[in-house]
Amino acid sequence: DLATDLLLLDAGVLSTTRSVGVTRAMRVASIVARFPGGPSLIRSRLTAGIRANSGNGAWLTEPVAREYTDPLLNELPAVAKMVARLADAREPETVEQWLPRVRASVTVLVGGAPHAIGASADELALVRRIPGTFVRHVGGVGHFVHEEAPHAVVGAVVATRARRGVAVR
């Protein structure tokens, strides 16, 4: 009831937070990080994953990669526990039950370049159950729409405000 508009960046609606693969990876990373060279190995793997899920990885410089990876590495045990708790959490209602009650306008920007993470067809199908949902595919970009095509994000915000009749400066 508090939000009138939602902008999702390469994300749909998950029917569950359970991800055995992510939970396992976080546990292994917590162990690997304790060994000499472990944090560097984890950082390089994370950076490679980010690059693989980008349509154009030119934005991913070393300083930017550190901004993405260092917070995770600095808090790895806590992040691993949080991911495990999310995987084990059970919601009182299914997503399918509460989606029809969403009254906010939803815009989803989906990276059009091939990438393994991000909004799946099933996730997009769930979010499309919300009346008035707009799904826009942004060509040439992957999962990191905000990094690869910030103009598309700004354009989506401007378009949403315009639909609401809000002046854009």
Side-chain angles (χ1 to χ4, degrees), residues 3 5-89 91 95 106-128 130 133-160:
D5 304 288
L6 298 173
L7 176 59
L8 305 177
L9 301 178
D10 206 50
V13 174
L14 296 173
S15 60
T16 179
T17 56
R18 189 170 241 347
S19 173
V20 175
V22 171
T23 303
R24 186 177 301 128
M26 292 305 301
R27 286 187 185 132
V28 169
S30 293
I31 295 166
V32 170
R34 296 182 201 146
F35 292 96
S40 179
L41 174 65
I42 294 167
R43 180 179 291 108
S44 69
R45 292 283 177 97
L46 289 170
T47 301
I50 293 169
R51 191 170 312 284
N53 284 286
S54 298
N56 175 356
W59 64 274
L60 190 60
T61 62
E62 180 60 29
V64 172
R66 285 190 169 276
E67 289 294 323
Y68 271 88
T69 60
D70 284 356
L72 175 72
L73 287 169
N74 293 339
E75 300 293 335
L76 198 51
V79 172
K81 284 180 188 173
M82 184 255 332
V83 168
R85 286 184 182 142
L86 277 174
D88 292 337
E91 297 293 332
V95 168
V106 179
T107 300
V108 185
L109 297 182
V110 179
H115 56 288
I117 60 175
S120 71
D122 290 343
E123 292 165 16
L124 290 175
L126 279 174
V127 80
R128 281 187 172 110
I130 300 169
T133 295
F134 298 90
V135 176
R136 180 172 165 232
H137 293 269
V138 183
V141 305
H143 179 65
F144 300 90
V145 177
H146 59 290
E147 298 283 12
E148 299 177 70
H151 60 281
V153 177
V154 170
V157 171
V158 168
T160 298

In terms of heavy-atom contacts, S54 and I50 come closest through OG-O, 2.9 Å

So CG of L76 and CZ of R34: to nearest 0.5 Å the spacing works out to 9.0 Å

Here the gap from I42 atom CD1 to S30 atom OG, rounded to the nearest 0.5 Å, amounts to 7.5 Å

| query | Would you find a donor on one side and an acceptor on the other, under 3.5 Å apart, between the side chain of E148 and the backbone of W59? | reply | no

Taking C-beta and beyond as the side chain, do R66 and T47 meet within less than 4.5 Å on heavy atoms? no

Worksheet item: Do D5 and V106 come close enough that some side-chain heavy atom pair is under 4.5 Å?
Response: no

Do V110 and V138 have side chains that approach each other closer than 4.5 Å (heavy atoms only, starting at C-beta)?
no

When rounded to the nearest 0.5 Å, the distance separating CG of L6 from OG1 of T107 is 8.5 Å

Notebook entry, point to check: Any chance the side chains of H146 and D10 put a donor and an acceptor closer than 3.5 Å?
Noted result: no

Take K81 and V79, measure what side-chain contact (heavy atoms from CB on, under 4.5 Å) needs, and give me the verdict at the end. CA-CA 5 Å; K81 284 180 188 173; V79 172; over 6 Å; no

Residues N53 and I117: closest non-hydrogen pair is OD1-N, 3.0 Å

So, do L72 and M26 sit near enough that their side-chain heavy atoms are less than 4.5 Å apart?
yes

* Using the ring of each side chain (for Trp, its six-membered ring), is F144 parallel, tilted or perpendicular to Y68, with breaks at 30° and 60°? -> perpendicular

Audit row: V127, L8, side-chain contact (heavy atoms from CB on, under 4.5 Å) steps and yes/no: CA-CA 10 Å; V127 80; L8 305 177; 4.0 Å; yes

Strictly distance-based, threshold 3.5 Å: is any side-chain N or O of H115 a donor or acceptor partner for the main-chain N or O of A113?
yes

For L109 and A156 the tightest heavy-atom approach is CD1-CB, 4.0 Å

Interatomic distance, CZ@F35 vs CG@L41, rounded to 0.5 Å, equals 12.0 Å

Sidechain-backbone polar pair: S40 side chain, G37 backbone, donor-acceptor under 3.5 Å: no

Minimum side-chain heavy-atom gap L7-T160 below 4.5 Å
no

Interatomic distance, CG@D70 vs CD@E75, rounded to 0.5 Å, equals 11.5 Å

Handout entry: Side-chain heavy atoms of R128 within contact of V135, under 4.5 Å
Key = yes

**Q.** Backbone of G57 reached by a side-chain donor or acceptor of R51 within 3.5 Å
**A.** yes

